[in-house]
2 protein chains.
Amino acid sequence: MASGISLKELAAQLNLAPSTVSRALNDSYEISDKTKEKVLKMAEKLNYQPNPFARSLRENKSNAIAVIMPERINAFFAHFIDGLESITQDHGYHLLVYSTHEDLEKEKKIVNLLLNGRADAVIMSVSSQTSDISHLKMLHERGLPILFFDRVCSEIPTTKYITNDYQVSYEATKHLIQQGCKKPAFLMLSEGISITKERHRGFLAALKEAGISTEPHLNKVCFQDESENVKVIEELLSSEAPPDGILASVEKLAIASYMAAKNLELKIPKDLKVISFSNMRIAGLLNPSLSTISQPAFEMGEECGRLLMKKLTRPKQPDFPDELVVLPSKLTIRASTMVE
Amino acid sequence: MASGISLKELAAQLNLAPSTVSRALNDSYEISDKTKEKVLKMAEKLNYQPNPFARSLRENKSNAIAVIMPERINAFFAHFIDGLESITQDHGYHLLVYSTHEDLEKEKKIVNLLLNGRADAVIMSVSSQTSDISHLKMLHERGLPILFFDRVCSEIPTTKYITNDYQVSYEATKHLIQQGCKKPAFLMLSEGISITKERHRGFLAALKEAGISTEPHLNKVCFQDESENVKVIEELLSSEAPPDGILASVEKLAIASYMAAKNLELKIPKDLKVISFSNMRIAGLLNPSLSTISQPAFEMGEECGRLLMKKLTRPKQPDFPDELVVLPSKLTIRASTMVE
DNA sequence: TTGTACGCGTTATCAA
DNA sequence: TTGATAACGCGTACAA
């Protein structure tokens, strides 16, 4: 529809062969400077734009990168993509962005869409439902370069970008205990995913160190739906042995905790202290301001982009090494965990 | 690299001509049911995936839609894309997503990238810097279907999705006045863009109706950078004739206002009432909870997607009508504009 | 009902 | 230094 002039037509205008024009445009050493100049000028004049699909077909290369993430409404993912885009755009790469909405079936469908070469690589943070990973294995076995970030899939041998989940959860929990919490709770989206495990381990380690016994009901698996989560947390908070502190492993659970506390007229931090993994800019403007563990999302995206570009823009690059790249998170103490 | 089997290879496996296989896969009436079944089965077995670029080249159709927006860290845009994706994905379309970061030069570069047919349509919300619109005109003149949402470009004759900016700004301002504001201020990112103008008109209309004279310094053009905005608003709030209310035309200016008030130890809503266009889920959890005008972002994305799919999935569709589709926003009063 | 031949717009190989 | 030709994978007009 909106196609412009083709290489052939451009060549006709110049009384040259298409192959000559192609070489001139690609600055081949075989072409005389005079011809190059003439071609470039005419291409400019006629606003010639190479057809990306002809090129992709010929070169077996899409110049596109697929990003698959569990949700869009989350500052972490938005920042990550900003960082990624800041690197890839300068290399002429386009971003195909997909959200799984934490749904494994949707994730499988999307992954399937990428089996045909539409993207040169996949960058992914898996859904909280992702227990079966056959679709990811297939993607990797097909030879499509794949990177993970945040919610990684350890069974696939490739590079994964994460934060120091264990360490920072440990510190956050220790902070809760220092602020007087005797019965902190850990809120998670799913037990299956990587970050949950690590963050939970850090939580449990701090408890153990402080001699606090782990009560099963204080390690709560929540759901996808917000109102459901609010209900679940309300029940937790009004149970016989309610928690006096919360470490939320993802942002949305901190928000649900605030809502639940509000509904039950519990005061944060007096009745309940809350700290959460979160990249919200406005954590400091909440009522009360929220103590957070914030990940270096933009930098993570940049690093991911750099590794990717290194592989895609040079010939004969090795596969991504099977390693964990750990970027440290930042703990910011605010009112929600202060002693009154 | 990650390419699977081709149509030709699939045909060879079946002892059939590629054209026969192609027709079978496309469910052509010319092919016998028996052959179709055989082909489908083998395609399944060998996990055949058609090459999207060969197809795009042949059909002059990318099956991709470009979305250009000013920023990612904004719930409105995230929700909009969620809504859009919910429609387009079922039709086999992919989303290429770009952020201009409110930078006109970046916007031009991105638009230029789309001149070659990489996307079948463009959905756009222009940057606050976009005064020169030659790049958008060229896109439209090339015949590429283009839709605008939120920040529209009135000079391009196509369909634009907006909210009732004038009306709802008028109501929000009236609300401020009813709550006792004598000198409300209007904060905007740029005077040039469509929504700013409409929202400002509504603001001024309410002022006029209430017999409040317009003071130039209370109609403030802000910047891109957050810390700069905080400074600008601090200056405004500590000027000789400071405002006692703020209508922020975009979310980030409400956040900057909260920060400025905090820094100056002004109490919201006692010293200053604040209301803002915003799609934050957690407006109700801010300190104090923020009165908002929220746009139906997801629905806007859906409607946009439906119109787009109607055009792209059927032959010989007319151009998008040059009209404004107005979806109403919702005014939610919270603590930030309450009388104490 | 199926097969043959061609072209979409590029780039690479080979010949001139 | 330039030109002719083939090929990437697919869909379709035409032939069988």
Side-chain angles (χ1 to χ4, degrees), chain A residues 1-40 42-43 46-64 92 115-120 142 315, chain B residues 1-40 42-43 46-64 92 115-120 142 315:
Chain A
M1 313 242 160
S3 57
I5 195 181
S6 80
L7 187 69
K8 219 198 300 190
E9 293 168 303
L10 177 58
Q13 288 287 325
L14 287 157
N15 277 326
L16 284 171
S19 55
T20 306
V21 176
S22 172
R23 277 179 287 215
L25 290 172
N26 290 322
D27 202 23
S28 160
Y29 67 98
E30 308 172 288
I31 303 293
S32 72
D33 288 350
K34 223 177 76 186
T35 307
K36 276 186 193 170
E37 202 184 330
K38 227 170 50 183
V39 169
L40 252 25
M42 183 64 89
L46 300 182
N47 202 343
Y48 166 75
Q49 305 273 7
N51 181 309
F53 305 117
R55 197 171 257 178
S56 287
L57 181 59
R58 186 62 232 245
E59 314 210 308
N60 199 26
K61 186 172 183 316
S62 67
N63 276 294
L115 249 31
N116 57 15
R118 186 176 280 274
D120 294 335
R142 284 283 192 104
Chain B
M1 313 242 158
S3 57
I5 194 181
S6 80
L7 189 67
K8 218 198 300 191
E9 293 166 303
L10 178 58
Q13 288 289 324
L14 287 156
N15 278 325
L16 284 172
S19 56
T20 306
V21 176
S22 171
R23 276 179 286 220
L25 290 171
N26 292 323
D27 202 23
S28 161
Y29 65 97
E30 309 172 286
I31 303 293
S32 72
D33 286 353
K34 224 177 75 187
T35 308
K36 276 186 192 169
E37 201 184 329
K38 228 170 50 185
V39 169
L40 251 26
M42 183 65 88
L46 301 182
N47 203 344
Y48 165 75
Q49 304 273 7
N51 181 307
F53 305 118
R55 199 172 252 178
S56 287
L57 183 58
R58 181 65 233 254
E59 313 211 309
N60 198 26
K61 185 170 184 321
S62 68
N63 276 292
L115 248 32
N116 57 14
R118 187 175 279 274
D120 294 334
R142 284 283 192 104

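Naming convention: chains lettered A, B, ... in sequence-line order (proteins, then strands); numbering from 1 in each chain.
The distance from atom CD of B:E30 to atom P of D:dA16 is 16 Å, rounded to the nearest whole Å. One atom, CG of A:N51, and another, C1' of C:dC8, lie 8 Å apart when rounded to the nearest Å. Residue A:N60 contributes atom CG, which lies 13 Å from atom P of C:dA12 at whole-angstrom precision. In this structure, A:K8 atom NZ and C:dG7 atom C1' are separated by 8 Å, rounded to whole Å. Summarising the geometry, the separation between CG on B:N116 and C1' on C:dT10 is reported as 13 Å, rounded to the nearest angstrom. In this structure, the CG atom of B:L57 is 14 Å from the P atom of D:dC8, given to the nearest Å. Taking atom NZ on B:K61 and atom C1' on C:dG9, their separation rounds to 19 Å, with Å as the unit. When the P atom of D:dT2 is taken as reference, atom CD of A:E37 falls 13 Å away, rounded to whole Å.
Closest contact between the side chain of A:S6 and the listed nucleotides D:dG3, C:dG9, C:dT4 involves C:dG9. With C:dT4, C:dT1, D:dG11 as the candidates, the nucleotide lying closest to the side chain of B:R58 is D:dG11. When the nucleotides D:dA4, C:dT10, D:dG11 are ranked by their closest atom to the side chain of A:S19, D:dA4 comes out on top. Closest to the A:R23 side chain, of the nucleotides C:dT2, C:dG3, C:dT13, is C:dT13. Nearest to the side-chain atoms of B:A17 among the listed nucleotides D:dG9, C:dT4, D:dG3 stands C:dT4. Looking at the side chain of A:A54, the nearest of the listed nucleotides D:dG9, C:dT2, C:dT10 is C:dT10.
In this structure the side chain of A:S62 never reaches within 4.5 angstrom of the side chain of A:R118, judged on heavy atoms. Looking at B:N47 and A:R142, their side chains come closer than 4.5 Å, going by heavy atoms from C-beta outward. Using a 4.5 Å cut-off on side-chain heavy atoms (C-beta onward), B:F53 and A:N60 make no contact.
Checking each of B:V39, B:I31, B:T20 against B:L25 for a side-chain contact (heavy atoms from CB on, under 4.5 Å) leaves exactly one that passes, namely B:V39.
Along DNA chain D, the nucleotide nearest B:Q49 and the nucleotide nearest A:V21 are compared for position; the residue whose nucleotide lies closer to the 5' end is A:V21. Comparing A:P18 and B:E59 against DNA chain D, the residue whose closest nucleotide sits nearer the 5' end is A:P18.
Contact annotation: side chain of A:T20 to base of D:dT1, donor-acceptor pair absent below 3.5 Å.
In plain terms, the two heavy atoms of A:L10 and A:Y48 that are nearest each other are CD2-CG, 3.8 Å. Taking both residues in full, the closest heavy atoms of B:P50 and A:N116 are given as O-CB, 3.6 Å, listed atom of the first, atom of the second, then distance.
The phosphate of D:dG11 (OP1 or OP2) has a side-chain N or O of B:N26 nearer than 4.0 angstrom. Between B:K34 and C:dT1 there is no side-chain N or O to OP1 or OP2 distance below 4.0 Å. For B:T35, no side-chain nitrogen or oxygen approaches OP1 or OP2 of C:dT1 to under 4.0 Å. A close approach under 4.0 Å does occur between a side-chain nitrogen or oxygen of A:Y48 and OP1 or OP2 of C:dT10.
B:L7 comes within 4.0 angstrom of sugar-phosphate atoms only, judged by non-hydrogen atoms across all strands, and of no base. Within the 4.0 angstrom heavy-atom criterion, base atoms lie near B:S22.
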